[in-house]
Number of protein chains: 2
Amino acid sequence: MNQLQLAKQLKVSCESCSLSDLCLPKGLSPFELEKLDDYIERPRKLEPNVQIYQPGEKFFGIYAVRTGGVKTYLTKKTGEQQILGFHLPGEIFGLDGLEHFAHRCYASTMDNTSYCVIPFERLDELCGELPELRRQIYKLFGHELNCDHAHELLLGQQTAHERLATFLLSISSRFKNRGFSPNSFMLPMSRHDIACYLGIAVETVSRLFKSFQQQGILKINRKQVDIQDMERLREMVINCEDPESF
Amino acid sequence: MNQLQLAKQLKVSCESCSLSDLCLPKGLSPFELEKLDDYIERPRKLEPNVQIYQPGEKFFGIYAVRTGGVKTYLTKKTGEQQILGFHLPGEIFGLDGLEHFAHRCYASTMDNTSYCVIPFERLDELCGELPELRRQIYKLFGHELNCDHAHELLLGQQTAHERLATFLLSISSRFKNRGFSPNSFMLPMSRHDIACYLGIAVETVSRLFKSFQQQGILKINRKQVDIQDMERLREMVINCEDPESF
DNA sequence: ATCCGCAAATGACATGGGTCAAATGTTGAA
DNA sequence: TTCAACATTTGACCCATGTCATTTGCGGAT
């Protein structure tokens, strides 16, 4: 096998990627997809708890998670962090770099993780030619914004148990969308990260998991979650927003 | 004066708008500006507490505040709202509609307010031709996202007095950017709205204003704020983020 | 001016969830 | 297998804020 063939094999192909209908290429025509495909870097692999970027670092492109999980977060000088989002396979991150073409937050892996990088300059050039790609970018962007808005509602107005319920429903529906069971899944993040995302203390997360379990709403063993009463979980969250849609 | 001249006079001109260096057109060439200008609707005027859009409503375009002030918010079924952002003259809102081409949150005036609407379909067409306009849009997107991230940090990790200090610094620097005094300004929103934005109770806002005043940090009379010790205010907020840049 | 209605401030009290400390699990390295 | 380091759980205590009730103040209408 010569170099060329090898390179071709190694090259990531969006078309063949099992996540392509969840990721950026969703809705693009084969022609458009091929053009985009040429630009995407081969997946990178990282171990758990490795930093991908930090504030001030140059923005190169949009990241797409293939396997594992990534968290994005800000920190206070005193060290506390606020996790902004968890990014599961098929989801993207890195848009925080768009304002100044430099990142504003941190991104780290939570697990063994592989991801693609879509170089932004190339993507932007393509956007000039492909209206459908532009639309896809807008959608992606609007989705990020709406996720952040839902997170603000959670942080500003929900009680601790509402927050945890909202969180579980969100993870559940994201697994479901990806074809996995919505009732039984493995959380990719630590208790500490959950607490940090929800703006509550780790101890509170522990106590709430115990309480949910005692009420027969779920079974939990380390990171394995089994939702036993989805309806009760939904009743705990009474926003005007439909959590399914985030 | 014939109809045509009248129409031309009424037509809003970005070029002549005093806010143009804060708003979308910032950084566009005169040629690009003129093309964009043709599409922008004349400013609309509304009284205080009028709803501009609500969840589910079709997304027509990006809104730019000319005078007054606008708040965007989500609500829980129980009625509590979470204010997502305050939008002052020269600032934009409405990007929550990008995901599904329908809005996901509410937008209401807080004051007598006038605003422009930039029809999105036209804007998008122009984006195909004008790379510099695309870049401007990305910057806008990124800025919105970063503002929301800072808000999440505030809601998740800051104490009540840190929140109020952060809020005052943000408003102050936004007035400053617009050429007004950073030390003396009129808040366009009610105590209730401040509380709702900060995720705390109205009563807490009252008490904190009193406490800040007793400490000689500021003077406050209804909506008139005079910051007397900006440094102390800054010391109260110890994030890794520079609040000036939001 | 006076009155009305709403916004803001104030006081008294209650509590959700934070903090601290200790115990218990879990994992990975040697 | 054992140990060390770290994650998670549990318990006891308490404080920053929320809640509720009342008062005060302002601004618009008459």
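In what follows, every chain begins at residue 1, and chains take the letters A, B, ... in the order their sequences are listed. Worth saying up front: this structure is predicted, and the values here are computed from it rather than measured.
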What's the [atom1]-[atom2] distance between [X] and [N], to the nearest Å?
| X | N | atom1 | atom2 | result |
| --- | --- | --- | --- | --- |
| B/E162 | D/dT17 | CD | P | 9 Å |
| B/Q214 | C/dA9 | CD | P | 13 Å |
| A/F209 | D/dT10 | CZ | P | 13 Å |
| A/K210 | D/dT9 | NZ | P | 10 Å |
| B/I200 | C/dT15 | CD1 | P | 21 Å |
| A/E47 | C/dG28 | CD | C1' | 13 Å |
| A/K223 | D/dA7 | NZ | P | 9 Å |
| A/R191 | C/dT24 | CZ | P | 19 Å |

> Within a reach of under 6.0 Å around NZ of A/K45, are more than 12 heavy atoms found that belong to other residues, nucleotides or ligands?
Replying inline: no
> Given B/Y53, which of B/Y63, B/F60, B/Y115 fulfils the ring-ring contact (aromatic ring centres under 6.0 Å, His included) condition?
Replying inline: B/Y63
>> Going by ring-ring contact (aromatic ring centres under 6.0 Å, His included), A/Y73 matches just one of A/Y106, A/F93, A/F86. Which one?
In response: A/Y106
> Is the distance from OP1 or OP2 of D/dT17 to the nearest side-chain N or O of B/T204 less than 4.0 Å?
Replying inline: no
> Ignoring hydrogens and angles, are the base of D/dG27 and the side chain of B/R222 linked by a donor-acceptor pair under 3.5 Å?
Replying inline: no
>> Determine whether a donor-acceptor pair (one donor, one acceptor, N or O, separation below 3.5 Å) exists between the side chain of A/R207 and the base of C/dT19.
In response: yes
>> Regarding A/S206, tell me which of base, sugar-phosphate or nothing describes its non-hydrogen contacts under 4.0 Å with the strands shown.
In response: base
>> Taking the nucleotide of DNA chain C with the nearest heavy atom to each, does A/N221 or A/R163 sit closer to the 5' end?
In response: A/R163
> Taking side chain as C-beta onward, heavy atoms only, is A/E47 less than 4.5 Å from A/T109?
Replying inline: no
